[in-house]
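Here is the structure we will look at.
Just so it is clear, the model here is predicted, and its values are computed rather than measured.
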Amino acid sequence: MATTAQPSSRAAGLGRLVQRLAGNLLSLVVTLLGLLAFTFTLSHLSPVDPVLQLVGDHASASTYAQVRHQLGLDQSLPRQFWDYLKQLAHGNLGISQSTGQPVLSDLLRTFPATFTLATCSLIVGAVCGISLALISVWRPKSWIDHLARIVSLLGYSVPVFWFGLLGLLLFYAVLHWSAGPGQLDDLYTYTLEPKTGIVLIDSWLSGDRAMFINALAHLWLPVATLGLLSTASITRLLRATLLEENSKEYVTLALAKGASRWRILWHHLLPNTRGTLITVVMLSYVSLLEGSVLTESVFSWPGMGRYLTNALFAADFPAILGTTLVVGACFILINALTDALVWLTDPRTR
């Protein structure tokens, strides 16, 4: 009987997993369609006329009408959206009106810079945030606990662009510890051979040590700026979860049996909060990917955030929709990955 029940339980678990994945996939498609429809409608309500952006204010009426027809803006809004979805199904995101290049090519060029900035910032935020949360729970009401509260307060209350401007003023203009805006100095920008699209990796593969150090010198300040934001969110949420878990009866029982606080923290509290930890870290990653617009603008970082900012000022609808699609897809995929990791690592969710 036991051997019969075991395969049936495995089959039931596999069925629930397939059902969950199918539901997540359907939710992903519906959410992306809703996001595209909302962004498409909102972009067409902009007071900026994209036709005038191309032809200028002194163009003739016939030229204006011809360009408007070429862009498909003389059609109804639902028809324009349907045509865009058909192009999207063939992998065509349109042509950027500001760069004259396919939007897909622009995104493939700018996404690695945003990915590098967000990933490095997440590593800094996760290491610092988890360490501060663990030590503050291990030593409550100590100076490290007060430091964790201050970091959380600063990260949430102070705008990230203010930190960026202050960092540039102090570490670039005054102390000269940072190489300044951009990813590389002009000396290396035109000599670097792109292999992966990620400047940090390409400079390492080039074998030019000075180029790699220059890339690090450009990278550390924007990473520290965004890393503070990530550290604040991870520290605040994980610390609150650990403190709540620390007040439960099994912790008191473990202390009564002579277990050390560090052993309780490492072997009991942290495993019981790993679902929250995964969720906090992954959501922080999402916020870094989609929220680096101001940081990229301050540091002249050639990523998707800066590309989207330029597209908004130019009323470049294809670029706006393409960037929104990529950011939305990243958000939904990371959320789906978070749910899967929590489901796999935490038996209580199953």
Using modelled atom types and a 3.5 Å cut-off, is there a donor and acceptor pairing between side-chain atoms of [X] and backbone atoms of [Y]?
| X | Y | result |
| --- | --- | --- |
| Ser233 | Ser230 | yes |
| Asn92 | Gly94 | yes |
| Asn246 | Leu242 | no |
| Thr114 | Met304 | yes |
| Asn214 | Leu184 | no |
| Arg306 | Ser300 | yes |
| Trp301 | Ala113 | yes |
| Thr235 | Ala232 | no |
| Asn272 | His268 | yes |
| Thr273 | Thr276 | no |

Can Ser121 and Tyr285 be said to form a side chain to side chain donor-acceptor pair (under 3.5 Å), step by step? CA-CA 9 Å; Ser121 301; Tyr285 193 35; over 6 Å; no

Verify side-chain contact (heavy atoms from CB on, under 4.5 Å) between Leu192 and Met211, making sure each step is shown before the conclusion. CA-CA 8 Å; Leu192 177 65; Met211 183 185 296; 3.3 Å; yes

Would you indicate whether the side-chain heavy atoms of [Y] and [X] approach each other to under 4.5 Å?
| X | Y | value |
| --- | --- | --- |
| Ser136 | Trp143 | no |
| Thr110 | Pro302 | no |
| Thr324 | Leu36 | no |
| Glu245 | Thr241 | no |
| Ser206 | Phe212 | no |
| Leu289 | Phe331 | no |
| Thr295 | Phe299 | yes |

Report whether [X] and [Y] are members of the same hydrophobic cluster (ILVMFWY, side-chain heavy atoms less than 4.5 Å apart, transitive linking).
| X | Y | value |
| --- | --- | --- |
| Ile144 | Leu153 | no |
| Val199 | Leu107 | no |
| Leu169 | Val158 | no |
| Leu85 | Val326 | yes |
| Leu321 | Leu88 | yes |

Whether over 12 other heavy atoms sit under 6.0 Å from [X] [atom1]:
| X | atom1 | result |
| --- | --- | --- |
| Tyr250 | OH | yes |
| His146 | NE2 | yes |
| Phe81 | CZ | yes |
| Lys257 | NZ | no |
| Glu244 | CD | no |
| Trp204 | CH2 | no |

Roughly how far, to the nearest 0.5 Å, is [atom2] of [Y] from [atom1] of [X]?
| X | Y | atom1 | atom2 | value |
| --- | --- | --- | --- | --- |
| Gln183 | Leu117 | CD | CG | 9.0 Å |
| Thr323 | Leu312 | OG1 | CG | 8.5 Å |
| Asp339 | Ile334 | CG | CD1 | 12.5 Å |
| Asp106 | Leu93 | CG | CG | 10.0 Å |
| His218 | Ser178 | NE2 | OG | 7.5 Å |
| Ile201 | Ser203 | CD1 | OG | 9.0 Å |

Show the nearest heavy-atom pair for residues [X] and [Y], with the distance to one decimal.
| X | Y | value |
| --- | --- | --- |
| Arg139 | Asp145 | O-CB, 3.8 Å |
| Ile198 | Pro112 | CG1-CB, 4.0 Å |
| His267 | Pro271 | O-CG, 3.5 Å |
| Leu200 | Ala215 | CD1-CB, 4.0 Å |
| Ala319 | Val103 | N-CG2, 3.9 Å |
| Leu134 | Leu265 | O-CD2, 3.3 Å |

If the plane angle is over 60° it's perpendicular, under 30° parallel, otherwise tilted; pick one for Phe40 and Tyr84. tilted

Worked verdict on Arg239 versus Arg149 for side-chain contact (heavy atoms from CB on, under 4.5 Å): CA-CA 9 Å; Arg239 177 181 176 276; Arg149 295 182 183 183; 3.1 Å; yes

Can the ring centres of Tyr172 and Trp177 be said to be less than 6.0 Å apart?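 Between Trp177 and Tyr172, which both carry aromatic rings, the centre distance is not below 6.0 Å.
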
Take Cys120 and Leu219 through the side-chain contact (heavy atoms from CB on, under 4.5 Å) test and state the conclusion after the steps. CA-CA 9 Å; Cys120 294; Leu219 180 64; 4.0 Å; yes

For side-chain contact (heavy atoms from CB on, under 4.5 Å), just list the numbers for Phe161 and Leu165, CA-CA rounded to whole Å, side-chain angles, deciding distance to a tenth of an Å, and then say yes or no. CA-CA 6 Å; Phe161 71 89; Leu165 292 173; 4.2 Å; yes

